[in-house]
Amino acid sequence: MASSSANALFSSSLAPSIPKSPLLSISNSSVSLNLLPTLHSSSSASSSRCNFIPIRSVLKTVETFELHTSDLADPTFPNTRSTILVAEKLGEAGLKLLRSFGDVDCAYDLSPEQLCAKISSCDALIVRSGTTVNRQLFEAAKGRLKVVGRAGVGIDNVDLQAATEFGCLVVNAPTANTIAAAEHGIALLTAMARNVAQADASMKAGKWERNKYVGVSLVGKTLAVMGFGKVGSEVARRAKGLGMQVIAHDPYAPVDRARAIGVELVSFNQAISTADFISLHMPLTPTTSKIFNDDTFALMKKGARLINVARGGVIDEDALVRALDSGVVAQAALDVFAEEPPPKDSKLVQHKNVTFTPHLGASTKEAQEGVAIEIAEAVVGALNGELSATAVNAPMVAPEVLSELAPYVVLAEKLGRLAVQLVAGGSGIKSIKVVYRTGRTPDDLDTRLLRAMITKGIIEPISDSHINLVNADFTAKQKGLRISEERVEVNAPPEFPVDSIQILVSNVESKFASAVSEKGEVAIEGKVKYGVPHLTRVASFNVDVSLEGKLILCRQVDQPGMIGRVGSILGENNVNVNFMSVGRMTRKKRAIMAIGVDEEPNKESLRKIGEVPAVEEFVFLDL
Ligand SMILES: NC(=O)C1=CN([C@@H]2O[C@H](COP(=O)(O)OP(=O)(O)OC[C@H]3O[C@@H](n4cnc5c(N)ncnc54)[C@H](O)[C@@H]3O)[C@@H](O)[C@H]2O)C=CC1
Ligand SMILES: O=C(O)C(=O)COP(=O)(O)O
């Protein structure tokens, strides 16, 4: 049914098609989080962190699902190993781990053109801060790139929006270089205060200038930590050990974490106007870009000293030169620059009151080994189809939630596939409502994974898009598909997270009029029974068929012999029936017969079924 006419089901036909790049995949009898391309069907899982377990481990706990290793194979590249491009220097321990998993191509110092030329043959790319991973690169990847690993914290060099649109997972290594960066901040703070770099250069020039390099003391001075995250709080801890008063500004940091270290959280203006030293530890985002500029330098205490091991882009460098020249800023110590390396004629780099290092914050042996292992594990995990604890563009789903939801994930996709096949084209699916019934407190139900799977079930059969947890919401929006959700508490056993999932498609015509409810919506409902997804209701008809393989839905006059007649037509045409279920509203009136078949019936047998006098309508569905 993947046809252009079917594509018209969606109102937005102008949207560019997104190359296939699955993240969580589901096949007939298995669920796997998967990044390998060209699976039969699929789905799946920002910056909050929690621990994850692979869906494959989850599956072991779900009796009826098994992971078939064949599902992980990419038919286009049978038995090939993943190709991992490492574009910047990575620690040996990480490379070893990567080599044990795939073919590793270490190609440093590639030009953007060379990188674009290589990327379409790579499944994963690992970078540090020196490589720009932009939209052109994702386009050049032609859908093969499944994961970008940032071997470090800052992901400002990766176009996350483009990655998401292309269904490419981005993971980083957020913890292994924290101490290195904090120690470097302290190194710059102390070196700047005592003019270590300038005095060293003077001695190397044969001078002995004791009076010129009189420094300032740290004890009792106020340090403002701007960005009280992992690095900022470690800097604060160390600065307190040096006898400094530490204040911090971070709009998102919890007060109790600051209090535990003896740090007061203050406003931005209060921080920069009272501090003797200001150390920057916030990420580069549109909000923090050039947040230190002429206006904010003007608020600083005259003679303030600035340390930056975060990102050069948070400072307007021209404004900093002016602040240094006027003495508003007495000294600065910078590890990072708006452009790296900075232009040779940069006035900033020439400035005598500034101490520089070439982005060395994370560059200790220990941190680089740690980062390499952290990123290699995340990338291998992602290529293996595991949810990553350090994914930055995919929603996180806690392991216990994942474990419980696994069978409902299958149900959600099957219902989505069923719903779209029941719609008869026309004005297209623009709006669906999903009703989750649960025996638990409805607000506790995490529906992101289920919503992504429904989106996948609806969109994939009729378009070139490949949906995974990374791009599900984006793709739905792009296709003009509005999904609203409702969670309803019902009297159902609370040991299961979901009792039933109902999909209501409004403003469409159906190929099967019996699937249209009194309110005019295509309405289907399913449940998980003994771990298997079942269709339990079609509009007002109760049915009970497992949602697997191929299905014929048939509305008929409720009379004896119908199962036999339809069964014989299929049998005569060598179509094996694997189950049948009849649901009716009132005895001897109308019934819906659901017939599961192993083979697709040919046109002749479908015609014959249609000619049975009691059969009023029928539809063939491929799940
Ligand atoms: N020079 C180097 O080699 C290294 C540089 N870094 C840089 O340091 C930054 C911080 O790293 P982590 O502490 O690990 O990250 P983190 O995410 O733990 O901490 C960042 C903190 O900044 C805060 N923040 C966000 N917007 C802010 C704003 N407008 N004002 C004040 N605070 C704000 C966040 O709430 C968060 O608490 C990274 O984003 C990276 O750019 C990190 C490691 C090494
Ligand atoms: O981790 C970070 O954010 C850093 O800035 C370290 O960058 P690098 O990996 O040394 O290029």
Side-chain angles (χ1 to χ4, degrees), residues 2 4 6-26 35 41-48 134-135 138-139 141 143 145-146 148 155 158-170 285-286 387 391-397 409 412-413 415-417 419-421 423 425-436 445-487 501-508 521-522:
S4 52
N7 264 321
L9 285 176
F10 291 100
S11 53
S12 163
S13 55
L14 298 173
S17 80
I18 293 167
K20 298 199 174 220
S21 182
L23 185 55
L24 174 81
S25 293
I26 298 196
L35 292 155
S41 57
S42 35
S43 138
S44 93
S46 358
S47 29
S48 60
N134 54 20
R135 186 171 287 278
F138 289 110
E139 280 163 4
L145 188 66
K146 326 296 176 316
V148 171
I155 31 104
V158 181
D159 185 337
L160 286 184
Q161 178 61 31
T164 302
E165 290 177 23
F166 282 81
C168 180
L169 183 70
V170 180
T285 64
L387 281 169
V392 289
N393 65 340
M396 300 286 123
V397 185
V409 162
E413 188 191 5
L415 287 174
R417 291 178 78 86
V420 74
Q421 289 180 69
V423 170
S427 57
I429 298 183
K430 292 187 185 117
S431 164
I432 71 161
K433 181 173 173 183
V434 185
V435 183
Y436 307 93
L445 180 64
D446 184 341
T447 61
R448 293 170 301 176
L449 201 52
L450 302 173
R451 188 177 67 237
M453 293 309 291
I454 291 169
T455 308
K456 177 179 171 53
I458 289 180
I459 294 179
E460 275 193 354
I462 55 164
S463 81
D464 290 337
S465 306
H466 201 101
I467 314 297
N468 60 32
L469 199 45
V470 173
N471 65 8
D473 287 342
F474 169 81
T475 312
K477 210 169 159 193
Q478 198 194 33
K479 301 252 182 218
L481 174 65
R482 217 170 54 82
I483 303 179
S484 62
E485 295 177 292
E486 192 183 340
R487 300 172 179 86
I501 301 176
Q502 185 184 29
I503 297 185
L504 304 162
V505 188
S506 47
N507 300 318
V508 286
E521 298 160 324
V522 169

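Scope of the values below: all heavy atoms of this structure, side chains included, with no hydrogens, waters or symmetry mates.
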*Asks:* From I429 CD1 over to I503 CD1, what is the distance, rounded to the nearest 0.5 angstrom?
*Replies:* 9.5 Å
*Asks:* Test of understanding: with side chain to side chain donor-acceptor pair (under 3.5 Å), list the residues that count as partners of R487, not counting sequence neighbours.
*Replies:* T447
*Asks:* Looking at residues at least two apart in the chain, or sitting in another chain, which of them share a salt bridge (Lys or Arg N to Asp or Glu O under 4.0 Å) with R482?
*Replies:* none
*Asks:* Are any non-hydrogen side-chain atoms of F138 and V148 less than 4.5 angstrom apart?
*Replies:* yes
*Asks:* How close do A476 and I483 get, heavy atom to heavy atom, and via which atoms?
*Replies:* CB-CD1, 4.4 Å
*Asks:* Looking at every non-hydrogen atom in both residues, tell me the closest pair between A412 and L450 and how far apart they are.
*Replies:* CB-O, 3.6 Å
*Asks:* D473: which residues meet the side chain to side chain donor-acceptor pair (under 3.5 Å) condition with it, sequence neighbours left out?
*Replies:* R451
*Asks:* Identify the heavy atoms of T455 and A472 that sit nearest to each other, and give their distance.
*Replies:* CG2-O, 3.6 Å
*Asks:* Under the salt bridge (Lys or Arg N to Asp or Glu O under 4.0 Å) test, which residues partner E486, sequence neighbours left out?
*Replies:* K433
*Asks:* Could you measure the distance from the CD1 atom of I467 to the CD atom of E413? Nearest 0.5 Å is fine.
*Replies:* 10.0 Å
*Asks:* Return the minimal non-hydrogen interatomic distance between R417 and P461, and the atom names on each side.
*Replies:* NH1-CG, 4.0 Å
*Asks:* Can you name the nearest heavy-atom pair linking V170 to N393, along with the distance?
*Replies:* N-OD1, 2.9 Å
*Asks:* Can you list the residues that meet the side chain to side chain donor-acceptor pair (under 3.5 Å) rule with E521, with sequence neighbours excluded?
*Replies:* none
*Asks:* Is any side-chain heavy atom of Y436 less than 4.5 Å from a side-chain heavy atom of Q502?
*Replies:* no
*Asks:* Checking side chain to side chain contact (heavy atoms under 4.5 Å, CB included) between I432 and each of V420, L504, I458, which is the one that passes?
*Replies:* I458
*Asks:* Can you list everything that forms a side chain to side chain donor-acceptor pair (under 3.5 Å) with D446? Sequence neighbours excluded, please.
*Replies:* R448
*Asks:* Judged by atom type as modelled, is there a donor-acceptor pair below 3.5 Å linking the side chain of N471 to the main-chain atoms of F474?
*Replies:* no
*Asks:* Can you measure from CD (Q161) to CZ (F166) and round to the nearest 0.5 angstrom?
*Replies:* 10.5 Å
*Asks:* Once rounded to the nearest 0.5 Å, what's the spacing between atom SG of C168 and atom CG of D159?
*Replies:* 11.0 Å
*Asks:* Between L169 and A394, what is the shortest heavy-atom contact and its length?
*Replies:* CD1-CB, 3.7 Å
